[in-house]
**Student:** 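Following this message is one structure expressed as structure tokens.
Convention: sequence-line order gives letters A, B, ...; per-chain numbering from 1. Given the structure is predicted, the values throughout are model-derived calculations rather than measurements.
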Amino acid sequence: MAPAAPIPGASAPASAGGAPTVPVDSAVTIEHPADPTRGDFASNIALKLAKPYRRPPLEIARIIAAHVVTTATDPDSPIAAVEVAPPGFLNVRLSDHALAATVQSILRNPASWGRITVARPEHINVEFVSANPTGPLHIGNARGAFTGDLLCRVLAAAGHKVEREYYFNDFGSQVKNIGASVVAIREKCDIPDDGYHGDYVYDLARDLPASVLVDADRTGEDPSWAVGRWASEQVRSGIEASLDHLGCHFDVWRSESTLHNDGWVKQAVDRLRAAGDVYEEDGAVVFRSTKFGDDKDRVILRSTDDAAPTYFAADIGYLVEKFSRGYERIVFIWGEDHHGYVARVKAAAQSLGFDRDAVQMILTAWVRFVRDGKEVSMSKRTGEFITLDELLAEIGVDAARWFFASRAASSGIDFDIELAKKQSNENPVYYVQYAHARIASILRKAEEAGMTPPGADDARLAGLLEAILPGVPEAQLARQIARLPEVVEDAAVSEETHGITTYATELATAFHAFYRDARVIDETEPDRSAGRLALIAATKTTLANAFGLLGVSAPETM
RNA sequence: GCGCCCGUAGCUCAGCGGAUAGAGCACCUGACUUCGGAUCAGGUGGUCGGGGGUUCGAAUCCCUCCGGGCGCGCCA
């Protein structure tokens, strides 16, 4: 739940003289106790120091607590109390003053609430989806879209500079295959065995402009290629429209052919050669990837005259091209069926002289598509699949985003669209959105009653907030609000986003509980009402910003 | 055969070295003459796949077995 935060400088203990130097590693953590009555933060540092100091953890904890308490007598200290709990935890409680200051800062600058700056911001390229434009996106491809879009939002919120990229193949035989399929339908012949059969292929055949065939005829080109290029561009722009509908935008669309035409592939092969990491075998050129930990060496050219590069060769060229743009980190989001590919791409990066750790692969687990409890195979070739568009039409963007955001990338999903439709009304996203709409409603009502929440620069704000925070409902809500930045950090570090949906749900629960116990609009208690209005305004901002991380809408009414 | 991922409540999933293993859905019992009941309070439900080991402490780390998924083209 909480980040495993190393404590800076924790190897310099405060006890008098003769203290051993204690190596502190990531095993020392500060986290939120599962039980909120234990305080706002808990650390296991005393447990970790017990062994090197050869003292009981409880005793060490008491020494540290005594030291912290003396500094906490300062009225401006954010720490209100430090407690020691068996077997040696240190539990720290935040002061109302600190909580009030947090709420105030949210109201002062709502847009930046939850945005943080990590220790080392990077320029990161994230490539995802990258489905070949041979058919519309189906829910299998779509997982990468959800995962990648969410990751990019989180990385950006954490202070990284992020560029989103889609790589598509317009070079290989699949292009010709879809062209041949379209041509076959057009000429009322049977679709070839390796062709495509979905309804969209028939639509393409219907929409194909005659000029494409005429031009091919004039130049003497195989019409399958000419039609294939036309068809794949149609499909690609359809994919872009689907992703747009999802709220997922790409900064760069890169085609494989540009890598070949602009010389990146050749340059990459030359560099591998210069590094002495290629050899020739059976008339092919082979990259010695085993030198860098791969299981076997990989063919990069199918002949020795620099012709016929393999798909892998294009990927190596792509690595060179991407790094030439100055990224410090290059992330690929792949389906787990590509896991065998990780070692060879990292090997290539290393041979090319790049940091292999700057190349990172995130693998998403399989989505099994089930209908009536039985698996249905999805295939663009057979045309049997559920498209992203259908999914979004059936259950809506918000419910779909929440569904995928709630699951770890590594967690396999059984997707039953009938079940998803049935359950979409039960999707927790509505529960959280309801909390947001309810706050909006209260704020509207307050305005009608002539009560506006105190502004961020209202001199009375701090005092009004500190006056209400001793209240249990207020304090619990404020503590939930205050967690957003660390939730963002957690998500950015772990590169998993489901903590955000969990957090948003917990925040909504905290608000609903507050709503039950604390009446906001009360003309007889103007000061308390003003403080509570400020608190729920900050809650609304926090919910809205969490939705922003998820790409989910924040409705004023439902 | 080799490699990677995954087995946690009836279902879908969190937790990934700490304090009593959690949430949503489902099921059961309650709660509105006041700011939105798409709500709230409570309850039923678990050999964390099995077995060893490491540790003060294991769902979490290591070994092993069982079950499931995915890879192991000069395809893309």
**Student:** Checking base pairs now: Watson-Crick or wobble, both atom distances under 3.5 Å. What partners B/U55?
**Tutor:**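 Pair assignment: B/U55 / none.
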
**Student:** Say we look at B/C56 and B/G22: how far apart would their P atoms be, to the nearest angstrom?
**Tutor:** 26 Å

**Student:** Which part of the nucleic acid, if any, lies within reach of A/Tyr431 when heavy atoms closer than 4.0 Å are counted: base, sugar-phosphate only, or nothing?
**Tutor:**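 Sugar-phosphate only.
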
**Student:** Between A/Asn132 and A/Thr134, does a side-chain hydrogen bond (donor to acceptor under 3.5 Å, both in side chains) hold up when you go through it step by step?
**Tutor:** CA-CA 6 Å; A/Asn132 283 342; A/Thr134 52; 5.7 Å; no

**Student:** For nucleotides B/A59 and B/C32, find the distance between their C1' atoms and express it as a whole number of Å.
**Tutor:** 42 Å

**Student:** Which nucleotide in the set B/A38, B/C40, B/C13 lies at the smallest distance from any side-chain heavy atom of A/His512?
**Tutor:** B/C40

**Student:** Could you check whether A/Ser406 gets within reach of a base, just the sugar-phosphate, or nothing at all, counting any heavy atom under 4.0 Å?
**Tutor:** sugar-phosphate

**Student:** Looking at A/Asn91 and B/A19, is any side-chain donor or acceptor paired with a base atom of the opposite kind under 3.5 Å?
**Tutor:**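 Donor-acceptor pair under 3.5 Å: yes.
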
**Student:** Students often get this wrong, so: under 4.0 angstrom with heavy atoms, is A/Thr557 touching a base, only sugar-phosphate, or nothing?
**Tutor:** base

**Student:** Answer with base, sugar-phosphate or nothing: what part of the nucleic acid does A/Ala408 contact at a heavy-atom distance below 4.0 Å?
**Tutor:**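 Sugar-phosphate contact only - A/Ala408 comes under 4.0 Å of backbone atoms but never of a base.
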
**Student:** Begin with the C-alpha distance, continue with both residues' side-chain angles, and end with the deciding distance and a verdict on side-chain hydrogen bond (donor to acceptor under 3.5 Å, both in side chains) for A/Ser529 and A/Asp522.
**Tutor:** CA-CA 6 Å; A/Ser529 289; A/Asp522 182 355; 5.5 Å; no

**Student:** Under the criterion side-chain hydrogen bond (donor to acceptor under 3.5 Å, both in side chains), I'd like the reasoning laid out for A/Gln234 against A/Tyr200: C-alpha separation, chi angles, the key distance, then a yes or no.
**Tutor:** CA-CA 11 Å; A/Gln234 300 302 302; A/Tyr200 68 95; over 6 Å; no

**Student:** Is B/G15 syn or is it anti, if syn means the base angle is within 90 degrees of 0?
**Tutor:** anti

**Student:** What is the nucleic acid contact for A/Ala42, judged by heavy atoms within less than 4.0 Å: base, sugar-phosphate only, or nothing?
**Tutor:** base

**Student:** Which whole number of Å gives the distance between the C1' atom of B/G17 and that of B/C4?
**Tutor:** 24 Å

**Student:** Pick the P atom in B/G67 and in B/G57, then give their distance to the nearest Å.
**Tutor:**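 To the nearest whole Å, 33 Å.
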
**Student:** Does the gap between the ring centers of A/His512 and A/Tyr434 come in under 6.0 Å?
**Tutor:**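 For A/His512 and A/Tyr434, the ring centres are under 6.0 Å apart.
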
**Student:** Which nucleotide, if any, forms a Watson-Crick or G-U wobble pair with B/G7, using both distances under 3.5 Å?
**Tutor:**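 WC or wobble partner is B/C66.
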
**Student:** Could A/Arg407 and A/Phe403 be counted as a cation-pi pair, given that NZ or CZ must be under 6.0 Å from the ring centre and within 45° of the axis?
**Tutor:** yes

**Student:** With heavy atoms under 4.0 Å as the rule, sort A/Arg519 into base, sugar-phosphate or nothing.
**Tutor:** base

**Student:** Taking CD in A/Glu447 as the centre, count heavy atoms belonging to other residues, nucleotides or ligands within less than 6.0 Å. Is the count above 12?
**Tutor:** no

**Student:** Going by 5.5 Å between centroids and 30° between planes, is there a stack of A/Phe89 over B/A19?
**Tutor:** yes

**Student:** Please state whether the phosphate of B/C75, meaning OP1 or OP2, lies under 4.0 angstrom from any side-chain nitrogen or oxygen of A/Thr310.
**Tutor:**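 The answer is no; no side-chain N or O of A/Thr310 sits under 4.0 Å from OP1 or OP2.
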
**Student:** Remember a base hit wins even if backbone is also touched, and classify A/Ala313 as base, sugar-phosphate or nothing at under 4.0 Å, heavy atoms.
**Tutor:**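 It contacts nothing in the nucleic acid.
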
**Student:** I need the OH-P distance between A/Tyr196 and B/A76, as an integer number of Å.
**Tutor:**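 After rounding, the reported distance stands at 12 Å.
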
**Student:** What nucleic acid atoms does A/Phe312 come within less than 4.0 Å of, heavy atoms only: base, sugar-phosphate, or nothing?
**Tutor:**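 Touches nothing.
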
**Student:** Taking pairing as Watson-Crick or G-U wobble with both contacts under 3.5 Å, can you name the mate of B/G46, or confirm there isn't one?
**Tutor:**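 Paired with B/G46, as far as the under-3.5 Å criterion goes, is no nucleotide at all.
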
**Student:** By the 4.0 Å heavy-atom rule, please label A/Glu556 as base, sugar-phosphate, or nothing.
**Tutor:**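 Contact class for A/Glu556: base.
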
**Student:** Check for me whether the distance between the ring centres of A/Phe128 and A/Tyr166 falls short of 6.0 Å.
**Tutor:**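 No, too far apart.
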
**Student:** With a 4.0 Å limit, can you tell me whether A/Lys296 has a side-chain N or O closer than that to the phosphate oxygens OP1/OP2 of B/C2?
**Tutor:**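 So the side-chain polar atoms of A/Lys296 never come under 4.0 Å of the phosphate oxygens OP1 or OP2 of B/C2.
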
**Student:** For the pair made of CZ in A/Arg407 and P in B/C16, what is the distance, rounded to whole Å?
**Tutor:**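 Rounded to the whole Å, the gap is 18 Å.
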
**Student:** Taking B/G51 as the reference, what is the distance to B/U8 when you measure between their P atoms (whole Å, please)?
**Tutor:** 16 Å

**Student:** What's the closest nucleotide to the side chain of A/Arg516 if the choices are B/G36, B/A76, B/A41?
**Tutor:** B/A41

**Student:** Applying a 4.0 Å non-hydrogen cut-off, can you work out what A/Tyr341 is touching in the nucleic acid: base, sugar-phosphate, or nothing?
**Tutor:**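 Base, at least one base heavy atom under 4.0 Å.
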
**Student:** Counting only distance, no hydrogens or angles, is the base of B/C70 paired donor-acceptor with the side chain of A/His339 under 3.5 Å?
**Tutor:** yes

**Student:** Output yes when at least one side-chain N/O atom of A/Arg302 is less than 4.0 Å from OP1 or OP2 of B/C75, else no.
**Tutor:**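 Answer is yes, contact under 4.0 Å.
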
**Student:** With heavy atoms under 4.0 Å as the rule, sort A/Asp522 into base, sugar-phosphate or nothing.
**Tutor:** nothing

**Student:** Which value, in whole Å, describes the distance between the P atoms of nucleotides B/G43 and B/C70?
**Tutor:** 42 Å

**Student:** When the distance from CD1 of A/Ile45 to P of B/C56 is rounded to whole Å, what number comes out?
**Tutor:**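 Between P of B/C56 and CD1 of A/Ile45: 19 Å.
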
**Student:** What's the gap between B/C16 and B/C62 when it is taken at their C1' atoms, as a whole Å value?
**Tutor:** 15 Å

**Student:** Taking the C1' atom of each, how far is B/C66 from B/C27, in whole Å?
**Tutor:**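 My reading of the C1' atoms in B/C66 and B/C27 gives 32 Å.
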
